[in-house]
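A note on names: the letters A, B, ... follow the listed sequences, proteins ahead of strands, and every chain is numbered from 1.
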Amino acid sequence: MAISREEVQHVAHLARLEFSEAELERFTQELSKILDYMEKLSELDTSGVEPTYHALNLANRFREDEVRPSFPPEEILSNAPQKEGTSFVVPRVIK
Amino acid sequence: MQRLSILEIREKLRKKEISSREITEYYLSRIEKLDPQIKAYLTVTREEALAQAQAADEKLARGEELPLLGVPLSVKDNICTKGIRTTCASRILENFVPPYDATVVERLKEAGAVILGKTNLDEFAMGSSTENSAFFPTRNPWDLERVPGGSSGGSAAAVAAELCAGSLGSDTGGSIRQPAAFCGVVGLKPTYGRVSRYGLVAFASSLDQIGPLTRTVSDAALLLQIIGGPDSRDSTCYPEAQPDYLSELEKPLPRLKLGLPKEYFGEGLSDEIRIKLEESFRELEKLGFELREVSLPHTEYAVAAYYIIAPAEASSNLARYDGVKYGLRLEGRDLLDMYKKTRSQGFGAEVKRRIMIGTYALSAGYYDAYYRKASQVRTLIARDFEEAFKEVDLILTPVTPTSAFRLGEKTQDPLQMYLSDIFTIPVNLAGLVGLSLPVGLTSENLPVGLQIIGPHFSEPLVLNLAHRLEEALSLNLNPPPE
């Protein structure tokens with residue numbers, strides 16, 4: 001097994017996901033199989049090879065910092081599951 | 001009105017042989033009749049489409065000439081449409097109604113297009129069969145027991161079954177080209193950065209690209225002309241203006257050197273695909289092009305690199321679905337519990353699988369071994385192409401190892417599904433142009449696609465070669481009558 005059940009549980013927490021026992025079992029097996037396949041990459045010597053994070057070598061593109069039209073708050077809030085005035089509402093964070 | 005291309009429709013509209021209302025109603029009635037079986041659409045915007053058609057007819061009557069005036073199209077449902085729900089085929093966005101249009105949609109509308117609706121996909125464009133849609137799978141018009149490919153399966157099926165004149169899809173690892181091949185239509189993934197991603201729901205930002213699915217190569221050239229070009233709202237969008245693709249199609253081609261990478265024609269490629277490709281290679285030789293073998297030695301590592309990089313980017317992009325700003329929310333004991341319940345209920349299995357792979361690959365202690373390593377291999381794959389393009393002008397490959405597979409055939413084994421993307425993934429990793437052209441049918445009457453790969457911004461050349469071969473083969477593929 002490339003990944004343990006405990007690790008899967010830990011990664012799920014990092015990703016803000018939770019699994020049932022059955023799902024945990026299935027994901028551990030599937031992820032192990034997939035990660036085993038990824039091991040293929042270690043066959044390659046990549047020392048000294050620059051990583052590519054972007055297919056085109058475009059530099060940062062700047063524009064003038066000027067006021068442009070933006071969305072009115074009510075449009076931005078129109079899809080919010082819970083809102084109050086011009087705010088998104090979340091469960092209480094501070095006890 | 002049957003089997004018209006976009007250019008033919010445009011011609012008939014301009015000559016007043018048909019009205020936009022008539023052609024729009026033609027597609028709407030086909031959707032009504034056929035889509036209950038094919039299930040290409042998640043949302044049909046009948047009223048809006050008829051209103052757009054009426055507006056187009058008024059403009060046509062006034063003699064206005066816009067490049068897509070009155071032409072009915074569809075759009076993949078991960079591309080934002082103002083006031084029309086955009087679900088990404090996910091429960092988490094089931095009721096999401098964007099307050100804005102994606103740049104590509106804005107440009108379609110400015111060009112006068114009629115939008116018939118939003119097409120089905122694998123949830124968040126993650127999949128190769130459209131079976132990962134949270135709502136329902138789409139079926140292949142050539143054989144309803146088979147998948148249309150994915151993730152732009154709804155768009156490909158809609159074009160093949162004549163439920164629209166053309167469609168926009170998105171391609172992160174083959175999601176335009178593979179369904180185009182499975183459904184017998186033309187699919188173009190432009191150079192990374194050629195088309196603005198503003199308003200495309202992000203999956204893997206360094207790989208995602210929007211492109212057309214159409215009946216003909218000329219139609220793909222026309223749609224790219226409309227949707228492509230600089231956009232200040234996407235900083236990864238290439239700042240240079242586009243050439244005129246349709247006039248480029250008419251230019252005579254020199255004796256191009258076309259490369260056949262030996263790694264793409266080995267084991268695992270079905271004989272039927274090989275035979276059809278070889279037939280089209282002979283056509284190309286007859287047209288005066290020179291074919292020669294080339295090597296892309298790191299091909300076998302592409303799937304592993306891609307299935308680290310794409311999930312890593314996805315795990316970061318999909319962190320935004322937290323039940324706060326839009327989309328589904330499930331109540332929880334506290335904020336953390338709300339996040340977990342919302343995301344666990346809202347995402348389907350494949351999306352969770354990729355978020356897990358990506359989170360793992362980026363997590364402390366594993367970053368160098370997985371994400372950095374995969375990004376280095378990405379460099380090696382891009383260099384393979386650079387070397388090959390020193391010897392040849394364009395590269396020809398299969399799009400898929402097999403023709404369309406059956407529904408359910410690969411859903412139990414995610415890795416097998418991933419491996420079916422082997423011929424399309426390297427193009428995204430290197431940011432190249434890839435076009436899928438139908439070149440024939442197997443003995444089971446299933447379409448076969450040829451992939452033409454070109455260097456960055458070689459769209460004119462790729463389209464031109466595809467157009468020559470399309471004319472020479474003169475296939476006019478149509479699925480069996482419904």
Side-chain angles (χ1 to χ4, degrees), chain A residues 2-3 7-8 10-20 23 26-27 30-31 33-58 60-63 68 71-72 74-83 88-93 95, chain B residues 95-97 99-100 191-193 206-207 232 235-236 238-239 298 300-301 304-305 307-308 315 319 322-329 331-332 334-336 338-341 343-344 347 352-353 355-357 359-360 363 370 372-380 382 414-415 418 429-431 456:
Chain A
I3 186 167
E7 277 180 298
V8 172
H10 172 64
V11 174
H13 170 71
L14 293 177
R16 300 297 182 260
L17 291 169
E18 59 186 12
F19 295 133
S20 68
E23 280 177 312
R26 208 184 87 206
F27 270 98
E30 285 176 353
L31 294 182
K33 199 172 154 193
I34 293 165
L35 292 170
D36 277 341
Y37 179 75
M38 306 305 186
E39 282 305 311
K40 199 174 167 50
L41 295 182
S42 60
E43 293 169 11
L44 284 173
D45 180 7
T46 52
S47 47
V49 177
E50 276 299 307
T52 296
Y53 299 115
H54 199 286
L56 294 183
N57 278 324
L58 282 183
N60 281 334
R61 294 176 51 211
F62 296 100
R63 59 171 172 79
R68 298 207 272 181
F71 293 98
E74 56 274 19
E75 279 187 24
I76 291 301
L77 285 160
S78 64
N79 282 289
Q82 202 185 343
K83 59 196 164 190
F88 297 103
V89 176
V90 296
R92 176 183 291 274
V93 179
K95 293 257 154 50
Chain B
N95 299 310
F96 175 63
V97 179
Y100 69 104
T191 307
Y192 181 82
S206 81
L207 303 162
S232 62
S235 64
T236 62
Y238 190 61
H298 296 94
E300 63 173 304
Y301 301 98
Y307 277 99
I308 292 169
S315 72
D322 59 0
V324 175
K325 299 176 294 299
Y326 37 69
L328 183 76
R329 174 191 287 192
E331 298 308 321
D334 50 27
L335 189 63
L336 182 66
M338 185 278 276
Y339 288 156
K340 287 188 176 180
K341 286 203 160 59
R343 291 167 60 80
S344 300
F347 292 135
K352 288 184 208 172
R353 198 175 290 127
I355 290 174
M356 291 291 290
I357 297 169
T359 306
Y360 179 76
S363 65
Y370 288 101
R372 189 179 155 81
K373 181 84 182 181
S375 301
Q376 288 174 311
V377 174
R378 185 176 182 180
T379 304
L380 298 177
L415 189 55
Y418 297 171
L429 289 172
H456 295 149

Q) Please walk me through it: do A/Ile34 and B/Tyr418 pass side chain to side chain contact (heavy atoms under 4.5 Å, CB included)? A) CA-CA 10 Å; A/Ile34 293 165; B/Tyr418 297 171; 3.9 Å; yes
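Remark: A/His10 NE2 is loosely packed, at most 12 non-hydrogen atoms of other residues, nucleotides or ligands lying under 6.0 Å away.
When each of A/Glu7, A/Lys40, A/Lys33, A/Glu75 is checked for heavy-atom pairs under 4.5 Å with chain B, A/Lys40 comes out on top. Each of B/Ser235, B/Ser232, B/Gly193 has some count of heavy-atom pairs under 4.5 Å with chain A, and the biggest count is that of B/Ser235. Among A/Leu14, A/Asn60, A/Leu44, the residue with the largest count of heavy-atom pairs under 4.5 Å with chain B is A/Leu44. Counting heavy-atom pairs closer than 4.5 Å to chain B, the top-ranked of the candidates A/Ala12, A/Pro51, A/Ser42 is A/Pro51. Of the residues considered (A/His54, A/Arg26, A/Arg63, A/Lys83), A/His54 shows the highest number of contacts with chain B, using heavy-atom pairs under 4.5 Å. Among the candidates B/Leu415, B/Val324, B/Ile355, the residue making the largest number of heavy-atom pairs closer than 4.5 Å to chain A is B/Val324. For the set B/Pro414, B/Ala382, B/Ser363, B/Gly332, the entry with the most heavy-atom pairs within less than 4.5 Å of chain A is B/Pro414.
Annotation: the span from B/Glu300 atom CD to A/Leu41 atom CG amounts to 10.0 Å, rounded to 0.5 Å.
Heavy atoms of A/Val8 lying under 4.5 Å from chain B belong to its backbone as well as its side chain. Interface remark: A/Val93 contributes side-chain atoms only to the contact with chain B (heavy atom separation under 4.5 Å). Proximity to chain A is limited to the backbone of B/Ala430, based on heavy atoms less than 4.5 angstrom apart. With a threshold of 4.5 angstrom between heavy atoms, B/Ser315 does not approach chain A through any atom at all. Proximity to chain A (any heavy atom under 4.5 Å) is shown, for B/Met356, by both the backbone and the side chain. Contacts of A/Leu31 with chain B are made by side-chain atoms alone, with heavy-atom separations under 4.5 Å and no backbone atom involved. For a residue to count as touching a neighbouring chain, one of its non-hydrogen atoms must lie under 4.5 Å from one of that chain's; by this rule B/Ala319 does not touch chain A. B/Asn95 touches chain A through its backbone: at least one of N, CA, C or O sits under 4.5 Å from a heavy atom, while the side chain does not. Both the backbone and the side chain of B/Tyr307 come within contact range of chain A, judged by heavy atoms closer than 4.5 Å.
Contact between A/Tyr53 and B/Ser375 at its shortest, heavy atoms only, is CE2-OG, 3.4 Å. Of all heavy-atom pairs between A/Ala55 and B/Leu429, the closest is CB-O, 4.3 Å. Nearest approach of B/Arg329 to A/Pro91, heavy atoms of both residues: NH1-CD, 4.3 Å. Residue B/Gly323 comes nearest to A/Pro81 through the heavy atom pair O-CG, 3.4 Å, listed as atom of the first residue, atom of the second, then distance. Scanning both residues, A/Leu56 and B/Tyr192, for their nearest heavy atoms gives CD1-O, 3.0 Å. The two residues A/Ala15 and B/Thr359 come nearest to each other via the heavy atoms CB-OG1, 3.6 Å.
With no hydrogens or angles considered, a side-chain donor-acceptor pair links A/Thr46 and B/Lys373 at under 3.5 Å.
Residues passing the salt bridge (Lys or Arg N to Asp or Glu O under 4.0 Å) test with B/Arg353 are A/Glu30, B/Glu350, sequence neighbours excluded. Shown here are the side chain to side chain donor-acceptor pair (under 3.5 Å) partners of B/Tyr301, two or more places apart in sequence or in another chain: A/Glu43.
Side-chain contact between B/Leu336 and A/His13 is present, with at least one heavy-atom pair separated by less than 4.5 Å. A 4.5 Å side-chain heavy-atom check between A/Phe19 and B/Lys340 finds every atom pair outside the cut-off. With contacts defined as side-chain heavy-atom distances shorter than 4.5 Å, the pair B/Tyr360/A/Leu35 qualifies.
Looking at A/Arg16, A/Glu18, A/Glu23 one by one, the single match for side-chain contact (heavy atoms from CB on, under 4.5 Å) with B/Ser344 turns out to be A/Glu18.
Looking at A/Asn79, its side chain does come within 3.5 Å of a backbone N or O of B/Val97 through a donor-acceptor pair. The closest donor-acceptor contact from the side chain of B/Gln376 to the backbone of A/Glu50 lies at 3.5 Å or more, if one exists at all.
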